[in-house]
Protein chains: 2
Amino acid sequence: MANRSDTKTRILDAAEKLFAERGFSETSLRLITSKAEVNLASVNYHFGSKKELIRAVLARYLDVFMPTAADAIVAVRNADANASLNDIFSTLVNPLLDLNQVRADGTTTFLQLLGRGYIESQGHLRWFITTHYGKYLSLFVKAVGESAPHIPPAEMFWRLHFTLGTVVFTMASADALTEIAAADFGEHNDIEAVIRKVIPYLSAGVSVPVNKDAM
Amino acid sequence: MANRSDTKTRILDAAEKLFAERGFSETSLRLITSKAEVNLASVNYHFGSKKELIRAVLARYLDVFMPTAADAIVAVRNADANASLNDIFSTLVNPLLDLNQVRADGTTTFLQLLGRGYIESQGHLRWFITTHYGKYLSLFVKAVGESAPHIPPAEMFWRLHFTLGTVVFTMASADALTEIAAADFGEHNDIEAVIRKVIPYLSAGVSVPVNKDAM
DNA sequence: TTCAATTTAAAACACTCGTTTAAATTAAAC
DNA sequence: GTTTAATTTAAACGAGTGTTTTAAATTGAA
């Protein structure tokens, strides 16, 4: 029996789950192919290399998320030219949650993959994302900057990277944190609850007035 | 020639530099021992295993930083019982910068190691830090909590992890970010400048009032 | 049905890793 | 100065990695 439900898709589905859980370099091709119930060599046949598989896994999400997120931001700014930072960040919630309709647990998986991607792999993934999705990133940066015009560009550069760190780290360990929160505080959060917790934190940090003494 | 300036120290010095730069699992013992100009087997002879070497590298910093940081926080709270969140965070700056006197580039190295430690290695490092330095961590959490009494404990749990993510991610990529900032904005930041930039961001995020609608 | 292209399969390749072994060397104790 | 313990050395081990190769099976079109 060949091509039962597409070997390529079976590999991608197994790989994204394992990559999100354990990171890229900690996930071997042998583990992926055994979970996907396909032959080891089929990864190199269909994708060329492990690096290209990683990029394919991320592209499957980015190709969906980036355009819808960009559309949402454009729409919000057309409706309200003075949209707040909180509005801009909140705009991303729905495009993120929509990923759950693309695939089960899509939102969590995507955010964890993004986190792993920025934490690991110095080169090829950063390059892949910025060259393939750079125009969307520029749009996001522009929207945030214009919603907090009292922050100079250089300061905003740092704060957006602080923000990236917050999101990436939180999402990469979201499962563990949710478990601890449930055990210690009886809270039962899903990924949407965590997203809605982090947004006010980010908005406050990004827009806090710059202290000239500390520069 | 044996024992030229202590093999153990040579290993620790080479290891901490490489670990901070490339992460733990990306740094092989062969690379460490070649940089340290010692024999490969000496790592296992002096430290037992790579895991124990990693812990020894971190302990050398934590043993210095944790007590002085705790003392500083106790002192600030004795001087001003209503110390603000910004005060608490700022109190950590000097203990951090003092690490530059322990070793060249000590502050950056320590923060990057801490970042790598929390990002990588699911188990043994988290366990090592919480069991060996738990009392200091509790003191920090208590001080922060009491400086922002309007934030419920469960919410504070999440915000402190957001904060951890910001710090860890920023420090792990501090070198790259500083370079970009210099190229794009003509800013020339050292590690102290980055620390002083991040503190107001963190204080604002941690202390922003909780929006009941979003819970 | 035949034939060529695609896909799967099993095995081996070449390499890196942390660790261990056993001999050689050095430093310390008597 | 001899003996004893600590340290350093070189070599090998065993397990794991991504990738390539070779051949077999399967597919779709002629």
Side-chain angles (χ1 to χ4, degrees), chain A residues 1-58 113 116-117 119-125 127-128, chain B residues 1-58 113 116-117 119-125 127-128:
Chain A
M1 167 181 46
N3 221 351
R4 73 250 179 270
S5 93
D6 203 13
T7 301
K8 221 167 159 175
T9 306
R10 295 178 63 87
I11 293 173
L12 286 171
D13 289 346
E16 73 168 35
K17 194 168 183 302
L18 291 167
F19 285 153
E21 282 173 5
R22 353 159 92 241
F24 299 113
S25 62
E26 302 296 320
T27 303
S28 70
L29 294 183
R30 284 171 176 79
L31 182 57
I32 293 170
T33 51
S34 76
K35 289 273 182 193
E37 297 179 60
V38 301
N39 188 270
L40 169 63
S42 58
V43 171
N44 289 82
Y45 175 78
H46 285 288
F47 297 95
S49 67
K50 186 180 179 180
K51 278 186 181 178
E52 288 171 89
L53 170 62
I54 293 173
R55 291 199 281 263
V57 164
L58 259 109
L113 287 172
R116 304 282 185 189
I119 285 170
E120 293 186 43
S121 78
Q122 336 285 18
H124 76 104
L125 258 185
W127 171 86
F128 171 73
Chain B
M1 167 180 47
N3 220 349
R4 68 227 180 285
S5 95
D6 202 12
T7 302
K8 220 166 157 176
T9 305
R10 295 177 64 84
I11 294 172
L12 286 171
D13 289 346
E16 74 168 34
K17 194 167 183 298
L18 292 167
F19 284 154
E21 283 173 7
R22 354 161 90 245
F24 299 112
S25 62
E26 301 297 320
T27 304
S28 70
L29 294 182
R30 282 170 176 81
L31 182 58
I32 293 170
T33 52
S34 77
K35 290 273 182 193
E37 296 180 61
V38 301
N39 187 271
L40 167 63
S42 57
V43 172
N44 288 292
Y45 176 77
H46 284 288
F47 296 95
S49 69
K50 185 179 180 181
K51 278 187 181 178
E52 288 172 89
L53 170 63
I54 294 174
R55 291 198 281 261
V57 164
L58 258 110
L113 286 172
R116 302 285 185 189
I119 286 169
E120 294 187 43
S121 78
Q122 338 283 19
H124 76 103
L125 259 185
W127 171 87
F128 171 74

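Heavy-atom basis, side chains included; hydrogens, waters and symmetry copies ignored.
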_Contacts of type side-chain hydrogen bond (donor to acceptor under 3.5 Å, both in side chains), residue B:S34, not counting sequence neighbours_ = none
_Expressed as a whole number of angstroms, how long is the span from B:L18:CG to C:dC17:C1'?_
16 Å
*asked:* Checking A:L40 now: which residues fulfil side chain to side chain contact (heavy atoms under 4.5 Å, CB included) with it, not counting sequence neighbours?
replied: A:L29, A:R30, A:T33
*Spacing of A:N39 atom CG relative to C:dA12 atom P, expressed in whole Å*: 15 Å
*Mind checking the CG-CG spacing from A:L18 to A:D13? Nearest 0.5 Å is all I need.*
11.0 Å
*Of all residues at least two apart in sequence or in a different chain, which pass the side chain to side chain contact (heavy atoms under 4.5 Å, CB included) check with A:A20?*
A:T109, A:Q112, A:L113
*Are any of B:T7's side-chain N or O atoms less than 4.0 Å away from OP1 or OP2 of D:dT7?*
no
Check nucleotides 17-24 of chain D against the protein and report each pair of N or O atoms closer than 3.5 Å, with its distance, or say if there are none.
from	atom 1	to	atom 2	distance (Å)
D:dT17	OP1	A:S28	OG	3.3
D:dG18	OP1	A:L29	N	3.4
D:dG18	OP1	A:K50	NZ	2.9
D:dG18	OP2	A:L29	N	3.0
D:dG18	N7	A:R30	NH1	2.8
D:dG18	O6	A:R30	NH2	3.0
D:dT19	OP2	A:N44	ND2	3.4
D:dT19	OP2	A:K50	N	2.9
D:dT19	O5'	A:N44	ND2	3.4

_Just the rounded figure in Å: distance from C1' of C:dT7 to CZ of A:F47._
14 Å
*Whole angstrom value for the distance that separates P of D:dA6 from NZ of B:K8*: 14 Å
*Round to a whole Å and report the spacing from CG of B:L53 to P of C:dT19.*
10 Å
*asked:* My understanding is that only residues two or more places apart in sequence, or in another chain, count here; which of them pass side-chain hydrogen bond (donor to acceptor under 3.5 Å, both in side chains) with A:S25?
replied: A:E120
*Value in whole Å for how far the P atom of D:dA15 lies from CG of A:L31*: 19 Å
*asked:* Listing request: all side-chain hydrogen bond (donor to acceptor under 3.5 Å, both in side chains) pairs with a residue in residues 42-53 of chain B, at least two apart in sequence or in separate chains.
replied: B:S49-B:E52
*Side-chain N or O of A:H46 less than 4.0 angstrom from OP1 or OP2 on C:dT8?*
yes
_Distance check needed: D:dT7 P versus B:R10 CZ, whole Å only._
16 Å
